[in-house]
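Structure, as C-alpha cells:
These numbers were taken from a predicted model, which means no experiment stands behind them. Quick note on labels: first sequence line is chain A, next is B, and so on, each numbered from 1. The analysis underlying the following values was restricted to heavy atoms, covering all of them including side chains, and did not include hydrogens, waters or symmetry mates.
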There are 2 protein chains.
Amino acid sequence: MPRKITIHQIAKEVGLNASTVSLALRGDPKVREKTRDRILEAAKRMNYEPNNLARSLSNGRTRIIGVMLSDMSRFYEESLEAVFTLGEAAGFTISVRFCSWDQAREKAGLHSFVSNRIDGIIWGPTDYNTAEIAEMDALLHKFEVPTVMYGLPDDTQSLHCYQIGLDMQKSIQVGLAHLKSYGHTDIALLAATEVQGMFGRMYRRRMAMFRDAFIAEGLHLDDRRIFEVGDDNCGGLDLALKLSQMERSQWPTAIFAADDLLARELVKSFKTLGVRVPEEISVIGYDVFPWAMGGQLCSVNLNTKEIGEKAIQMLLKCINSEHPQQFDQRVEVLPQIRLGTTCGRPRSR
Amino acid sequence: MPRKITIHQIAKEVGLNASTVSLALRGDPKVREKTRDRILEAAKRMNYEPNNLARSLSNGRTRIIGVMLSDMSRFYEESLEAVFTLGEAAGFTISVRFCSWDQAREKAGLHSFVSNRIDGIIWGPTDYNTAEIAEMDALLHKFEVPTVMYGLPDDTQSLHCYQIGLDMQKSIQVGLAHLKSYGHTDIALLAATEVQGMFGRMYRRRMAMFRDAFIAEGLHLDDRRIFEVGDDNCGGLDLALKLSQMERSQWPTAIFAADDLLARELVKSFKTLGVRVPEEISVIGYDVFPWAMGGQLCSVNLNTKEIGEKAIQMLLKCINSEHPQQFDQRVEVLPQIRLGTTCGRPRSR
DNA sequence: GTGAAAGCGCTAACAC
DNA sequence: GTGTTAGCGCTTTCAC
C-alpha cells in the first residue's frame with residue numbers, strides 16, 4: 001500500500017473520476033448518496049488524509065487563523081480559549097506562534113503566516129507604536145490579510161489593522177471610583193515593579209498608569225503610599241507584615257493591588273495576622289483572575305474573555321466579507337468591577 | 001499593482017524565466033550574482049512574498065514543526081522555549097495548537113497537522129494509554145510523520161512515537177532521599193488536591209505518586225501528615241498557621257510541598273510567623289520554578305528545559321534522517337535537586 | 001547560466 | 001450526476 005493516498009488513487013479504486021471523489025469528500029449534494037458512501041468507505045479503508053496544501057493552493061484559502069502572542073501569559077488564557085471555541089465552531093483551525101517578546105521573531109512569525117497564506121491574524125503585539133509594528137501592519141494591509149490587534153492600550157490611529165482596545169487607565173479609574181463610592185480617599189498602591197525583563201517592564205508601565213489614574217480621579221497618591229515588591233505574586237505577605245508594625249491610625253483605609261495574585265495574598269495575610277478585611281482595611285485587586293479566592297476578592301477584571309470574543313468575531317466578519325472596510329476600526333472592551341467581600345466603608349479614624 | 005506577486009511576474013519584470021527567479025530567490029549558486037541582485041531588487045520592490053503552499057506542495061516538505069499541547073501551563077513554558085530556539089535555529093517554524101484538555105480537539109488538531117503536511121510533531125498528550133492516543137499514534141506512524149511525545153510518566157511500550165520520559169515517582173523519591181540524607185524521617189506532605197477540573201486531576205495523580213514514593217523510600221506517610229489545600233499556590237499560609245497552633249514537638253521535621261509556589265508561600269509564611277527555616281523545620285518544593293524565591297528554595301526541579309531540548313533534538317534528527325528507526329525510542333529526563341537554603345538537619349526533639 | 005516543460009494534489013468551470 | 005480540462009505557484013529535471 002502506497003504511503004500517501006490521493007483522490008486519484010481513490011478514484012481508481014472505486015472506478016470513478018478524481019473530481020467526483022473530490023466532490024464526494026466535501027459532501028457536495030450533486031454526487032449520489034450511494035456513490036458517496038462507496039467513496040467515503042474507500043477513503044477510510046485506504047487511510048486517506050486530504051492534502052490541505054493542494055486544496056488551499058487551488059481554492060485560495062487555508063481555513064487557518066494565526067494567532068501571534070508574546071508569551072504564554074495568564075493574560076491571554078481566557079481570550080485564547082474564546083478564540084478557539086468560536087474560531088473552530090466557524091470551521092477554522094487556530095495556529096499559535098509565540099515570539100518570547102522578541103520583535104525579530106515576531107516579524108518572522110507574521111511573515112510565516114503570510115507565506116503560508118493563512119486567512120486571518122489575531123495579534124497581541126510585543127510593543128506599541130514602534131517602527132517594526134507599523135511596518136508589519138503595513139505589510140499585512142498590503143497583502144490584504146485581515147488582522148485584529150488586541151490588548152492595545154491606546155488608540156493607535158496610524159495602524160490599518162482592526163483593534164480591540166483596552167483602556168488600562170480607565171479601568172484603574174473604575175477601581176478607584178469603586179473605592180471612592182465607599183468613601184475611601186486614602187488609598188495605597190501595592191505593585192510588583194522590581195521584576196526583571198519584560199514582565200517588569202509591563203508592571204512598571206502599569207505603575208505609571210496608576211499614577212495618572214489617581215490624578216484623573218482627583219486622588220492624591222503619596223509616595224509613602226506606594227509599596228513596591230519584587231515579585232508578582234508573593235509580595236502581599238510583606239506588605240501585611242509591614243503594616244502590622246505600623247500604628248493603625250497611620251494606615252491607608254484601602255489598598256489597590258496591581259495584580260489579583262498580590263491582592264489575594266494580601267487579604268489572606270491580613271486574615272492570618274488578625275486584621276479584619278474589609279472592616280479595618282479594604283482591598284481591591286486588578287487583572288484577569290475571576291477565580292481568585294473563590295470569588296471573594298473584589299477586583300477590576302480586565303474582561304479578557306470578551307477581548308478574545310470580540311477579536312475572533314471581528315476577524316470572522318472581515319474574512320467572510322467582501323467589504324472589510326465597513327466595520328469599525330477599533331472596539332473598546334470595558335473592564336468590570338467584580339464584587340467580592342474585601343471592600344467596604346473605611347474605618348472611622 | 002496586482003495584489004499577489006508570483007515569480008512569473010518578477011520574471012516578466014526583469015525579462016527572465018520563472019525558474020531562474022526561483023533559483024535566485026533560494027540563493028542557488030548557478031545563477032549569476034548580478035542577475036540575482038536584479039531579481040532580488042525587483043522582488044523587494046514588488047513586495048513579493050513566497051507562497052509556501054505551492055513551494056511545499058512541490059517539494060514535499062513544509063519546514064514547519066507542530067506542537068500539540070493541552071493548555072498554556074507553566075509546565076510547558078521552558079520546554080517550549082527550548083523547542084523554539086533550537087527549532088528556529090534549524091530553519092523550522094514552530095506552530096502551536098492547544099486542545100484545552102479536550103481529546104476531540106486534540107485529535108482534530110493532530111489531523112490538521114497531518115493535512116497541512118507539517119514535517120514533525122511534538123506532542124504532550126492530555127492523557128496516557130487511552131484508545132484515542134493509541135489511535136492517533138498509529139495514524140501518525142502510518143503517515144510517517146515523525147512524532148515525539150513528551151512528558152510521559154510511564155513507559156508506554158505500545159506506542160510507535162519517540163518518547164521523552166519523565167518518571168515522576170522517581171523524581172519524588174529523589175526529593176525524599178535528599179531529605180533523608182539530612183536525617184529526616186517524619187516528613188509531611190503539602191498538596192493542592194481540591195482544585196477543580198483537569199488541574200485537580202493532575203494534582204490528585206501527583207498525590208498518588210507521592211504516596212507510592214514514600215513507600216518506595218521506606219518512609220511512613222501518616223494520613224495526619226498529609227495537608228491538602230484547595231488552591232495551587234495559596235495554601236502555604238494555611239499550613240503555617242495550622243502548625244503554629246500546634247505544639248512544636250508534634251511537628252514533622254520536614255515538609256515536602258507538591259508545588260514550588262506552595263513551598264514558596266510556606267517558607268515566607270513561616271518566616272513571617274517567626275518560625276526559622278530550616279532550623280526548626282525544613283521545606284522542599286517540587287516542580288518547574290527555578291526562579292522561585294531567588295534560588296533560595298530547595299526543590300526537585302523537573303528539568304523541563306531539557307525535556308524540550310531532547311524533544312526537538314530527537315525530532316530534528318528523525319526529520320533529517322532516512323532511517324529514523326535507528327534512534328532510541330525513549331529517552332528519560334532526570335530531575336535535579338536544586339539546592340537552596342530551606343533544607344537542613346532536623347531539630348533535636 | 002538560463003529556459004522549457006512536467007508535475008505536486010486539489011478545485012472549479014464547464015461538458016456531457 | 002459524472003467526466004474533462006485547466007489551472008493554483010512553485011520546484012525540479014533536463015535541454016540548450
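Between D/dT4, D/dT12, C/dC10, one nucleotide has an atom nearer to the side chain of A/Asn17 than all others, and that is D/dT4. When distances run from any side-chain atom of A/Leu23 to the nucleotides C/dT2, D/dT2, C/dA4, the shortest one goes to D/dT2.
Ion pair B/Glu106/B/Arg97 not flagged as a salt bridge, since none of the NZ, NE, NH1 or NH2 atoms sits closer than 4.0 Å to an Asp/Glu carboxylate oxygen. Taking 4.0 Å as the cut-off between side-chain N and carboxylate O, A/Arg330 and A/Glu332 count as a salt-bridged pair.
When atom types are taken as modelled, the side chain of A/Asn320 and the backbone of A/Leu316 share a donor-acceptor pair closer than 3.5 angstrom. Checking side-chain atoms of B/Gln103 against main-chain N and O of B/Ile133 turns up no donor-acceptor pair under 3.5 Å.
A salt bridge (charged side-chain N to carboxylate O under 4.0 Å, His left out) with A/Glu13 is found for exactly one of A/Lys44, A/Arg45, A/Arg38, namely A/Arg45.
Of the side-chain N and O atoms in A/Thr20, one or more sit less than 4.0 angstrom from OP1 or OP2 of D/dG3. For the pair B/Ser22 and D/dT11, the criterion of a side-chain N or O lying under 4.0 Å from OP1 or OP2 is met.
With rounding to whole Å, A/Leu25 atom CG is found 11 Å from C/dC10 atom C1'. Counting to the nearest Å, the C1' atom of C/dC10 and the CZ atom of B/Arg55 are 20 Å from each other. As a whole-Å value, the separation of A/Arg61 CZ from C/dT11 P is 10 Å. To the nearest angstrom, C1' of C/dT2 lies 16 Å from NZ of B/Lys34. As a whole-Å value, the separation of B/Ile7 CD1 from D/dC10 P is 5 Å. Following rounding to the nearest Å, B/His8 (NE2) and D/dC10 (P) show an atom-to-atom distance of 8 Å. Rounding to whole angstrom units, CG of residue B/Leu16 and C1' of C/dA4 are separated by 14 Å. In this structure, B/Arg38 atom CZ and C/dT2 atom P are separated by 9 Å, rounded to whole Å.
Residues B/Ser19 and A/Val31 each lie close to DNA chain D; by heavy-atom proximity, the contact nearer the 5' end of the strand is made by A/Val31. Mapping A/Lys30 and A/Asn52 onto DNA chain C by nearest heavy atom places A/Asn52 closer to the 5' end of the strand.
At the heavy-atom level, B/Arg26 lies under 4.0 Å from base atoms of the strands shown. No engagement by A/Leu53 is indicated, since no non-hydrogen atom pair under 4.0 Å with the nucleic acid exists. At the heavy-atom level, B/Ser56 lies nowhere under 4.0 Å from the strands shown.
Neither side chain, B/Ser56 nor B/Arg61, offers a donor N or O lying under 3.5 Å from an acceptor on the other. Side chains of A/Ser19 and A/Asn17: a donor on one and an acceptor on the other come within 3.5 Å.
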Please list, for nucleotides 6-8 of chain D, all pairs of protein and nucleotide N/O atoms separated by less than 3.5 Å.
{"unit_1": "D/dG7", "atom_1": "N2", "unit_2": "A/Ser58", "atom_2": "OG", "d": "3.1"}
{"unit_1": "D/dC8", "atom_1": "O2", "unit_2": "A/Ser58", "atom_2": "N", "d": "3.4"}

